[in-house]
Number of protein chains: 2
Amino acid sequence: MARKSLVDEVADELLDRIVAGEFPPGSGVPGELELSARHEVSRMTVREAMKTLVARRILRVERGRGTFVNPLNQWSSLEAVLRAASEGQEDAAVAVQLIELRRMLETGAAELAASRITAEELTEMDGQLAQMRAAHEENDVDRFVAADLAFHDLILHASGNVFVAVLFEPLTRILASRRAQTSKVVQIQINAIAEHANIMDAMRSHDTERARLAMDRHMEQTLNDLLAYVLEP
Amino acid sequence: MARKSLVDEVADELLDRIVAGEFPPGSGVPGELELSARHEVSRMTVREAMKTLVARRILRVERGRGTFVNPLNQWSSLEAVLRAASEGQEDAAVAVQLIELRRMLETGAAELAASRITAEELTEMDGQLAQMRAAHEENDVDRFVAADLAFHDLILHASGNVFVAVLFEPLTRILASRRAQTSKVVQIQINAIAEHANIMDAMRSHDTERARLAMDRHMEQTLNDLLAYVLEP
DNA sequence: GACATGCAAGATGTCTGACATCTTACATTC
DNA sequence: GAATGTAAGATGTCAGACATCTTGCATGTC
């Protein structure tokens, strides 16, 4: 695993400061020379870091004037947008809203996938469900989470809609850490396995409405589990 | 209007070549020295251009080995994905996928909005519907499109889920131009007005399932209109 | 022949020092 | 007050250099 480059260090720190509100939308950020001095790197390295933020439309450069933060609605990196939107909100509200969002995308994806999924994909989903069961028996949370995420990822790809996969991808990273936390609760694992089995049945039936309802039920269960075992005790 | 920078020229040309299929996902692209010679710019300029594509996860860099094109579903810029997905594929498939995506997000948002929408927001929606009617009478397509988009935007924000609204923003830019094209067809305008009125009624009733179904019907109508009036004649 | 080691070539990562161009504020002149 | 010029600040680009990683090939050893 390669060490993080200097360019990424500069870019990430600047984005952290933007998301934290140090440079609100419309305000200027420190110039190249200032950041060069701050990080003790060459100006070229700072320029490259800036370019990564400009490419995501988080920043805009005005030659001779400086570099400015764009309004959130212009950012084109979904991951950055989600980070910024989470900032300053209570973690409970964030968790609930993320499940609402998942519900929209994943019930829709399940509906599409039910009519488009291949036999190979169904076999793979079965494999991941078996992984979840085995991980549950061995109390291996990491393995459980990986299988859980893979199961959902298969449905997203089986939807055959590339935009769905792209839109969901930034969520995956956010969800992985949260999933690790919730999956430590044994009852949540048991519920997830049952819901996935239900979804499996629906997929095999190729009934789009049944698949949508099965995923919807899973999201409802997920929200209930979150409230019962994580947020409210 | 500032002249396009050299960095943008290099980056845009490379992206054009990727989208055109000259460098398919998984393949390597020309190295820094080669692009520097090709464009007669310094290697640093090429590096900055590359960084803009890396930041959008179109490219990944492997030090000592080269720079490679990522699979489409890893790209983080919806606009770039749309361009690549449109290439070599019929525009019909892309348009259908975009409506599928809208269907997921907007039926979900309508469901949430029905229970959360304020009287002020309902009044505003009414205003936009009236704008659509007036624009239809006056055959003012731009005004019609603006009111149409504003109506939908209100629902997204009334959902009270901050992630939905921000996640949908990049789509809005893509949809605006497509909406302008479809709204030139008078019958499509008539249908949209009827569907929006139906959604209005559902929102006023605060019945979440009714709202979801109303929006679903609108998306179905939108898909049918696209097929009947734009794609198939 | 199989394996280990070293070296060169190719590729990216970063730096220094320099000059070009644009923007803005201030001073000077009419 | 308006117009002009200048200096300072900020970004845009360049050339040349060295560092570090990867890979393939040649050579040596067992």
Side-chain angles (χ1 to χ4, degrees), chain A residues 1-15 17-18 22-71 74-76, chain B residues 1-15 17-18 22-71 74-76:
Chain A
M1 192 41 118
R3 198 173 145 276
K4 191 166 157 186
S5 72
L6 294 179
V7 171
D8 286 340
E9 284 187 19
V10 175
D12 290 350
E13 200 232 18
L14 184 54
L15 181 57
R17 291 165 80 186
I18 291 167
E22 190 172 341
F23 308 114
S27 65
V29 298
E32 296 169 358
L33 291 180
E34 190 174 333
L35 287 177
S36 172
R38 177 190 177 94
H39 288 270
E40 295 182 329
V41 297
S42 86
R43 198 182 134 216
M44 296 312 302
T45 302
V46 169
R47 287 184 60 79
E48 289 186 25
M50 291 286 208
K51 283 291 187 291
T52 71
L53 297 177
V54 169
R56 290 181 269 169
R57 300 172 68 178
I58 294 162
L59 296 180
R60 76 179 175 275
V61 176
E62 295 178 12
R63 179 170 174 176
R65 303 192 62 231
T67 303
F68 302 86
V69 181
N70 275 328
Q74 281 180 28
W75 295 15
S76 67
Chain B
M1 197 37 119
R3 201 174 143 272
K4 193 166 159 185
S5 71
L6 293 179
V7 171
D8 285 340
E9 284 188 17
V10 175
D12 289 351
E13 200 232 20
L14 184 54
L15 181 56
R17 291 165 78 185
I18 290 167
E22 190 172 340
F23 307 114
S27 66
V29 297
E32 295 169 357
L33 291 180
E34 190 176 334
L35 288 177
S36 174
R38 177 190 176 95
H39 289 271
E40 296 182 332
V41 297
S42 86
R43 198 182 133 214
M44 295 314 301
T45 301
V46 170
R47 287 185 58 81
E48 289 187 24
M50 293 287 211
K51 283 290 185 292
T52 70
L53 297 177
V54 168
R56 288 179 271 171
R57 301 180 64 187
I58 294 163
L59 297 180
R60 75 178 176 276
V61 177
E62 295 179 14
R63 179 172 173 173
R65 303 192 62 232
T67 302
F68 302 87
V69 180
N70 276 326
Q74 280 180 32
W75 294 15
S76 67

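For clarity, every value in this text was computed on a predicted model and none was experimentally measured. Here is how names work: the chains are called A, B, and so on, in the same order as the sequence lines, proteins then strands, and each is numbered from 1.
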Closest non-hydrogen atom pair, A:N70 against A:W75: O-NE1, 3.0 Å

Salt bridge flag under 4.0 Å for residues B:K4 and B:E9: no

Qualifying residues under side chain to side chain contact (heavy atoms under 4.5 Å, CB included), relative to B:E13, sequence neighbours excluded: B:R17, B:R38, B:H39

B:M50 side chain reached by B:V61 side chain, heavy atoms, under 4.5 Å: no

Would you tabulate the pairs of protein nitrogen or oxygen atoms and nucleotide nitrogen or oxygen atoms of nucleotides 4-7 of chain D closer than 3.5 angstrom?
none

Residues forming a side chain to side chain donor-acceptor pair (under 3.5 Å) with A:E62, sequence neighbours excluded: A:R60, A:R65

Side chain proximity check, A:L35 to A:V41, heavy atoms < 4.5 angstrom: no

Per-nucleotide protein contact string for nucleotides 10-17 of chain C, where B marks a base within reach and S marks sugar-phosphate only (heavy atoms under 4.0 Å, - for neither): BBBBBBB-

Five-pair end axes of the helix from C:dG1-D:dC30 to C:dC30-D:dG1, angle between them (10°): 10°

Residues forming a side chain to side chain donor-acceptor pair (under 3.5 Å) with B:R56, sequence neighbours excluded: none

Separation between OG1 of B:T52 and CG of A:L53, rounded to the nearest 0.5 Å: 12.0 Å

Contact check, side chains of A:F23 and A:P30, non-hydrogen atoms, under 4.5 Å: yes

Test log, rule side chain to side chain contact (heavy atoms under 4.5 Å, CB included), inputs A:M44 and B:E48: CA-CA 9 Å; A:M44 296 312 302; B:E48 289 187 24; 3.6 Å; yes

